[in-house]
Every structure is written in structure tokens, then in C-alpha cells.
Amino acid sequence: MTYPHRDHIRSFSCPIIATNIVGDVSGPIPRSWVYAPVQSLSELTRWTNDAFCTVQHDLNVDAFVEETSQRRLPYQPQNASPIWFRCYLLLGSNNKHGLYFHGPHAIMDGGPTLNAFALMLQWMTNDVIEPAENLPWGTEWHNLPLGPVDATGGPREDWDTAGIELLKQLSDSEAVHTIPLTVRPFRMSQSAVGKTCRLVRVLDPTLTRRLVNKTRIVGCSMSHLFEAAYCMVLLARNQLPPSVWDAYHFPGNSSAISLIPHLKLPYDTKTHFISSRSHIPIQISMAEISPMISPRRQLLQLTQAIEQRYARFATHPCMPHIQAARAYQPDALSERPNFESSINNVGPMERRLPLSWKGRHTTEPVIELESVLFSVRLTSLTP
């Protein structure tokens with residue numbers, strides 16, 4: 001098992017992984033990702049040798065991911081530019097292997113990263129592909145991803161009115177009028193910065209189908225249900241008496257809305273290896289949730305309340321540009337004082353990343369996927 005077509009992920013499809021950061025977060029020049037086109041085949045070879053590695057050992061994916069995710073980016077090869085992306089081929093025993101992408105979340109969101117894995121596996125199982133030396137180097141920059149504004153149809157004509165009003169609504173949504181219901185960690189400092197802790201709970205297919213069907217019946221999605229479930233955890237951990245119930249709210253300042261439905265041609269959602277979602281603030285007043293009903297009914301009320309707030313923002317024509325506009329607000333990089341969690345749902349994996357891959361001339365799968373793992377290195381100042 002090899003990846004002989006590693007050059008293609010940089011050239012035709014995803015040159016964003018070969019970019020470098022220029023500027024300073026606190027300086028006069030805003031930080032930007034800058035790409036320099038390949039000047040020679042030898043330059044490409046040096047980059048691929050640094051960005052793609054083979055690890056020869058008995059496969060222990062969890063241990064390898066935990067160790068690697070604690071490594072601060074970028075990699076700094078000798079006499080070369082910094083490397084912000086690295087692909088590891090983990091060679092295990094019994095013909096079981098692993099493929100691991102390590103890079104910054106800024107260019108490696110969950111969904112697009114699955115697309116990149118699908119591209120890599122497609123090339124690995126395809127024996128007919130253009131050799132790297134025949135690729136039109138110097139033109140690969142055309143495959144850099146568009147920004148969120150251009151990718152979703154360009155600037156809105158009514159941004160100065162409707163867009164500014166939407167920004168105001170979001171700011172109003174973040175205004176705290178009651179006490180946020182949070183779960184304070186047992187420790188108040190980070191003893192191991194970036195350390196990954198993974199707790200896996202697998203739902204069997206029968207229960208999964210029931211949950212999906214039930215959420216559809218009430219007009220909600222699994223994302224709404226996951227966020228509501230987190231609110232129920234907050235409720236269970238705090239055990240508030242009904243007398244102070246209305247003084248609190250459920251915070252949710254990083255709820256994600258997909259940009260995929262808003263993308264316009266010529267944007268290619270399969271090869272543009274970068275984020276495809278926008279974040280919005282969602283807060284649910286506990287006054288909307290009855291303290292006198294069963295937890296099951298509370299979960300339903302929370303799920304529907306979250307769906308209503310999603311719908312309010314997701315259907316707004318200026319929503320796709322909100323993330324870009326908010327990035328330039330004065331408090332965009334400020335740390336939040338509260339302890340918050342982020343709920344992510346990449347959806348059905350098979351839609352982006354098929355579980356079996358056949359060769360061009362084979363009837364049996366050449367590659368079969370057994371599991372997919374995500375790992376995020378936390379850089380927030382709050383534990």
C-alpha cells in the first residue's frame with residue numbers, strides 16, 4: 001500500500017496544503033495564507049518528501065494520533081519553508097494500515113478533510129493517472145479555494161442593509177441577560193496542553209435509525225439533537241431548583257451551519273480543501289423549557305428551540321458571509337471567559353468517504369476502511 005500520487009493532492013486538487021502564513025496577528029499586515037506556485041520538479045520533490053512520511057511499526061492508531069496531535073505546527077525541515085500539512089502512511093501488520101493527515105484546523109475542517117481522504121484513496125486505487133512531471137506546474141494556483149464570499153455567489157447587493165442588520169441580530173443574540181449554565185472543569189489549569197482525550201460511545205444501527213426518524217418527524221436534525229443533548233448534560237450537572245430556573249440560559253456560541261447548500265459554480269466542493277461551514281451564536285433561555293416535565297420532553301423542547309434559531313439564521317441570504325465579516329470585528333480573537341463546548345456533526349460518513357474502494361480492473365475491494373478518527377489540538381486559553 002503506497003501513495004504514489006501524492007503530488008496530485010498538491011497540484012490539481014489541494015494546493016492550499018502547501019501554503020504558508022505571512023503577516024502577524026498583532027501587526028500592521030493581517031495574517032494570510034500565501035501560495036507560491038511550483039517552479040521546478042526538484043522543488044516539488046523536496047516538498048513531497050517533507051510533507052509525506054511512512055511510519056514502519058505495528059499499528060496503534062490511537063497512540064500515534066494522540067502523540068502527533070500534541071506537536072505544534074508548522075514542521076520546520078532543514079533548508080526549506082515551513083510545512084503546515086503532513087500525511088503519514090502507517091504500516092501495520094496483517095495488511096492493516098492507516099492514513100493520517102496532520103494540519104491546522106484553519107484549512108482542515110471535518111467535511112472537506114473527508115473529501116481529501118476520498119481523493120487520496122481514489123488515486124491510490126487508480127492505476128491510470130497522469131505522471132507528476134506531465135502536470136502543468138505553475139497553473140495549480142487556479143485550484144486554490146475561493147473565499148466564502150466568492151464561493152457563495154459574490155457580495156450581496158443588500159449587504160449594507162440586510163447584512164449589517166444580521167450582524168446586529170447576532171450580536172444581540174450573544175448579549176448575556178441571564179446566567180449561562182456551564183460545567184466547570186475539575187481542574188482550572190492545563191497540565192498537558194493539546195493532549196487528546198477520546199471517549200467513544202457507539203450507537204447501534206437500530207437505535208441510530210430510530211433517532212434519525214424521530215428527529216425528522218418533529219422537523220429537526222441530528223445536529224439539533226446533539227446540541228440539545230449537551231444542554232441536558234448541563235442541566236443534569238447543575239441540578240437547579242425551579243425557583244431560580246428562569247435566571248439561567250443554555251449557551252451555544254459555536255453552533256455550525258453548513259455552507260454547502262449556498263456554494264455556487266465554479267466552486268468545486270470535492271477538491272477545495274478548506275472549511276465549508278459558518279458559526280452562529282445560539283442561546284436558549286431556560287424560561288422556554290419547563291422544569292416540571294420529564295427529561296424526555298425537555299429534550300424535545302430544547303431540540304425544537306435550537307432548530308428554530310438555526311432556521312432563523314440559516315435561511316438568511318447574507319448568512320454565508322457572516323463568518324468572514326465577523327472575523328474583522330474588534331473582538332474576533334478575544335478569549336471568552338466562560339467554559340464552553342462545541343458540538344460537531346459531520347453527517348453520514350459514506351456521503352463523503354466511501355468505505356470500500358475497488359481498483360480499475362478488480363471486482364473485489366482493494367481498500368476497505370474500518371474506522372475514521374478525528375483529533376483536535378485545543379489552543380484555547382480556557383481549560
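Please read all numbers here as calculations on a predicted model, not as lab measurements. In what follows, every heavy atom counts, from backbone to side chain, and hydrogens, waters and symmetry copies are set aside.
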What's the verdict on side chain to side chain contact (heavy atoms under 4.5 Å, CB included) for F52 and L89, showing C-alpha distance, side-chain angles and the deciding distance?
-> CA-CA 8 Å; F52 291 80; L89 177 62; over 6 Å; no
Just do the side-chain hydrogen bond (donor to acceptor under 3.5 Å, both in side chains) check on H249 and T178 with the steps written out, would you?
-> CA-CA 6 Å; H249 70 265; T178 53; 2.7 Å; yes
L263 and T152: CA distance, side-chain angles, deciding distance, side chain to side chain contact (heavy atoms under 4.5 Å, CB included) verdict = CA-CA 4 Å; L263 297 176; T152 53; 4.0 Å; yes
Show the numbers, then the answer: is there a side chain to side chain contact (heavy atoms under 4.5 Å, CB included) between L44 and T48?
-> CA-CA 6 Å; L44 173 68; T48 53; 4.0 Å; yes
Take L235 and L302 through the test side chain to side chain contact (heavy atoms under 4.5 Å, CB included) and record every step on the way to the result.
-> CA-CA 11 Å; L235 194 59; L302 280 164; 5.6 Å; no
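Between K168 and D172 a salt bridge is recorded (basic side-chain N to carboxylate O distance below 4.0 Å). Of the charged side-chain nitrogens involved, none lies within less than 4.0 Å of a carboxylate oxygen, so that R216 and E307 do not count as a salt-bridged pair. Salt-bridge annotation for K96 and E370: present, with a side-chain N of the basic residue lying under 4.0 Å from a carboxylate O of the acidic one.
A side-chain donor-acceptor contact under 3.5 Å links Q301 to the backbone of S290. When atom types are taken as modelled, the side chain of E364 and the backbone of K358 share no donor-acceptor pair closer than 3.5 angstrom. Of the possible donor and acceptor atoms, none in the side chain of E165 sits under 3.5 Å from a partner among the backbone N and O of T161. Formation of a donor-acceptor pair under 3.5 Å by the Q323 side chain with backbone atoms of P320 is not found in this model. The main-chain N or O of G138 is found under 3.5 Å from a side-chain atom of E140 such that the two form a donor-acceptor pair. The backbone N or O of A118 lies less than 3.5 Å from no partner atom in the side chain of R352, so there is not a single donor-acceptor pair. R156 places no side-chain N or O within donor-acceptor distance of the main-chain N or O of G163, the cut-off being under 3.5 Å. For the pair N238 (side chain) and L240 (backbone), a donor-acceptor distance under 3.5 Å is absent. With N49 contributing its side chain and T45 its backbone, the two residues share a donor-acceptor pair below 3.5 Å. With hydrogens and angles ignored, the 3.5 Å screen pairs no side-chain donor or acceptor of R210 with any backbone N or O of T206.
The heavy-atom pair separating S81 from P77 by the smallest distance is O-CD, 3.6 Å. Nearest heavy atom pair, residue Y35 against residue P15, reads CD1-O, 3.4 Å. The two residues V149 and P155 make their nearest non-hydrogen contact at CG1-N, 3.6 Å. The two residues M232 and P295 make their nearest non-hydrogen contact at CE-O, 3.5 Å. L203 approaches T208 most closely through the heavy-atom pair O-OG1, 3.5 Å. Residue A287 comes nearest to D246 through the heavy atom pair CA-OD1, 3.5 Å, listed as atom of the first residue, atom of the second, then distance.
Remark: of the listed residues F101, Y75, W47, F101 is the sole one forming a ring pair (Phe, Tyr, Trp, His ring centres under 6.0 Å) with F85.
Follow the hydrophobic side-chain contacts under 4.5 Å out from F226 and you reach L207 in the same cluster. Linking ILVMFWY side-chain heavy atoms closer than 4.5 Å, directly or via other members, places V65 and L91 in a single hydrophobic cluster. M120 is connected to I107 through a chain of hydrophobic side-chain contacts under 4.5 Å among Ile, Leu, Val, Met, Phe, Trp and Tyr, so both are in one cluster. Under a hydrophobic-cluster definition in which Ile, Leu, Val, Met, Phe, Trp and Tyr are linked whenever side-chain heavy atoms come within less than 4.5 Å, directly or via other members, I284 and M222 are assigned to the same cluster. At a threshold of 4.5 Å between side-chain heavy atoms, the hydrophobic network of Ile, Leu, Val, Met, Phe, Trp and Tyr places V233 and I306 in two separate groups.
In this structure, CD1 in I289 is found 9.5 Å from CD in Q304, a value given to the nearest 0.5 Å. Here the straight-line distance linking atom CD of Q298 with atom CE of M292 works out to 10.0 Å at 0.5 Å rounding. The distance from the OG1 atom of T303 to the NZ atom of K214 is 13.0 Å, given to the nearest 0.5 Å. Atom CG in L369 sits 5.5 Å away from atom CG in L355 (nearest 0.5 Å). We find the CD1-CE distance between I280 and M319 to be 7.5 Å, quoted to the nearest 0.5 Å. Of the inter-residue distances, the one linking L73 atom CG with M108 atom CE reads 9.0 Å to the nearest 0.5 angstrom.
For E157, the CD atom sits in a loose shell: 12 or fewer heavy atoms of surrounding residues, nucleotides or ligands are nearer than 6.0 Å. Counted within 6.0 Å of CD on E288, heavy atoms from surrounding residues, nucleotides or ligands total more than 12; the atom is thus considered enclosed.
Remark: aromatic rings of Y88 and H102 are distant, center separation not under 6.0 Å.
Taking the six-membered ring for Trp and thresholds of 30 and 60 degrees, Y100 and F64 have ring planes more than 60 degrees apart, a perpendicular arrangement.
Within the 4.5 Å cutoff, the side chain of F117 has no heavy atoms near those of the Q122 side chain. A 4.5 Å side-chain heavy-atom check between W357 and V366 finds every atom pair outside the cut-off. The shortest side-chain heavy-atom distance between H97 and N95 falls under the 4.5 Å cut-off. The shortest side-chain heavy-atom distance between T19 and V34 does not fall under the 4.5 Å cut-off. N143 has its side chain out of reach of I16: every pair of non-hydrogen atoms, C-beta onward, lies at least 4.5 Å apart. L90 places none of its side-chain heavy atoms less than 4.5 Å from the side chain of L99. Side-chain contact between P74 and I83 is absent, with no heavy-atom pair separated by less than 4.5 Å. Residues P136 and T139 form a side-chain contact, since some pair of their non-hydrogen atoms from C-beta on lies under 4.5 Å apart.
A donor-acceptor pair shorter than 3.5 Å cannot be found between the side chains of T215 and H224. If you check the side chains of N20 and W33, you find no donor sitting under 3.5 Å from an acceptor.
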